Amino acid sequence: MLNKYARAFFTRVLTPFAAFLIRRGVSPDTVTLIGTAGVVAGALVFYPMGEFFWGTVVITLFVFSDLVDGNMARQLGRSSRWGAFLDSTLDRVADGAIFGGFALWYAGGGDDVALCAVSIFCLASGQVVSYTKARGESIGLPVAVNGLVERAERLVVSLVAAGLAGLHAFGVPGIQYLLPVALWIVAVGSLVTLIQRVVTVRRESAEAEAAERQGARGSEAAK
Ligand SMILES: CCCCCCCC/C=C\CCCCCCCC(=O)OC[C@H](COP(=O)(O)O[C@@H]1[C@H](O)[C@H](OP(=O)(O)O)[C@@H](O)[C@H](O)[C@H]1O)OC(=O)CCCCCCC/C=C\CCCCCCCC
Ligand SMILES: Nc1ccn([C@@H]2O[C@H](COP(=O)(O)O)[C@@H](O)[C@H]2O)c(=O)n1
Ligand SMILES: [Mg+2]
Ligand SMILES: [Mg+2]
């Protein structure tokens, strides 16, 4: 949903910055790599210490690079298969670091086995949700479904909640419970999305195979 409705807005906002980087001779791949490194550092340095506010600030500074890199590639007329591969692969690395950072906190100072497990579930289910689309498309299916919770939703829900939960350290009472609530929402939403995508791939593959059988019968009859 966010990918559909918010992308156009962020494209307008980020286009001048993308153009500025192009003028400075920066390449889209550099933005992809530095952006991912920043997200990974923010997540794995701050979150395991329970520093949710500063971790989210650092991640937010870098995570929009994922919208800037593609914007730059399009402005340059240089969108490439390699760029698409690098972008998607490093998305998985960034997501692993964010939910891994939450899991490390709950396994350590946060001392909550259930929330550690929910964080690991968010990490794994998010990766599998993305994999269903990549694998479905690689076997020639359209995978014409995005589902309830795509990557943008996973990130926005968990990062907004983490940033706000971090304000507890500055004396805001009660707000720390936002992060557990968000993790449960992302976990359930990812599971629903996974089911939506698997059901779609199953239907599309049955339809594709039925069409192939029909085509084979047609050419047999024509002989
Ligand atoms: C006082 C409190 C202070 C709090 C501190 C800071 C709070 C910060 C809060 C939020 C920041 C959230 C930012 C999240 C931005 C996410 C942007 C982003 O990178 O989205 C990526 C997404 C997907 O891009 P791709 O097409 O490159 O990726 C594809 C995708 O990964 C597919 O995965 P799948 O969906 O299938 O699981 C893969 O299949 C595919 O391989 C891959 O290529 O981009 C978008 O979707 C575009 C839309 C982005 C919309 C961003 C909206 C941000 C909205 C609000 C932020 C403002 C919040 C304000 C908070 C205020 C809090 C007080
Ligand atoms: N280093 C890169 C990164 C991205 N691309 C192209 O942009 C598409 C992704 O667009 P986003 O707005 O989601 O970043 C990707 O599929 C590539 O076509 C690129 O070429 N090089
Ligand atoms: Mg990108
Ligand atoms: Mg991306």
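Just so you know, ligand 1 is whichever comes first in the structure, and atom 1 is the first atom listed for that ligand. Fair warning: this is a prediction, and the values are worked out from it, not measured in the lab.
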Query raised in the report: Any side-chain heavy atom of V143 within less than 4.5 Å of one from T132?
Result: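 They are not in contact (no side-chain heavy atoms under 4.5 Å apart), so the answer is no.
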
Report task. Give me the ring orientation class for F20 and F17: parallel if the planes are under 30° apart, tilted from 30 to 60°, perpendicular past 60°. Result ->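 Rings of F20 and F17: parallel, under 30°.
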
Query raised in the report: Hey, does the side chain of R92 reach the backbone of S88 with a donor-acceptor pair shorter than 3.5 angstrom?
Result: yes

Run the numbers for me: atoms of ligand 2, each under 4.0 Å from some heavy atom of [X], listed by number.
X   : value
T32 : 1 (N), 2 (C), 3 (C)
R7  : 11 (P), 12 (O), 13 (O)
R78 : 20 (O)
D69 : 3 (C), 14 (O)
A84 : 15 (C), 16 (O), 17 (C)
S79 : 18 (O), 20 (O)

Query raised in the report: If you count the non-hydrogen atoms of other residues, nucleotides and ligands that lie under 6.0 Å from CZ in R217, is the total more than 12?
Result: yes

Requested in this report: Answer yes or no as to whether an N/O/S atom of D69 is found below 2.8 Å from the Mg ion (ligand 4).
Outcome: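 No, outside the cut-off.
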
Requested in this report: Would you mind telling me if ligand 2 is within reach of the side chain of A73, the backbone, both or neither, using heavy atoms under 4.0 Å?
Outcome: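 Within the 4.0 Å criterion, A73 contacts ligand 2 through side-chain atoms alone.
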
Report task. With heavy atoms only and a cut-off of under 4.0 Å, state how D29 meets ligand 2: side chain, backbone, both or neither. Result ->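 For D29, backbone and side-chain atoms both sit under 4.0 Å from ligand 2.
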
**Report entry** Under-4.0 Å salt bridge between E207 and R203
**Finding:**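 Yes, E207 and R203 are salt-bridged.
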
Query raised in the report: Just checking, is any N or O donor in the side chain of T15 or N71 under 3.5 Å from an acceptor N or O on the other one?
Result: yes

Report task. With sequence neighbours left out, write down each residue that passes ring pair (Phe, Tyr, Trp, His ring centres under 6.0 Å) with F85, or none if nothing qualifies. Result ->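 In terms of ring pair (Phe, Tyr, Trp, His ring centres under 6.0 Å), with neighbours along the sequence ignored, F85 is linked to W82.
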
**Report entry** Nearest to the Mg ion (ligand 4) - the N/O/S atom of D87, by atom name
**Finding:** OD1

Requested in this report: Not counting sequence neighbours, which residues clear side-chain hydrogen bond (donor to acceptor under 3.5 Å, both in side chains) with S190? List them please.
Outcome: none

Query raised in the report: Is the distance from the Mg ion (ligand 3) to some N, O or S atom of D66 under 2.8 Å?
Result: yes

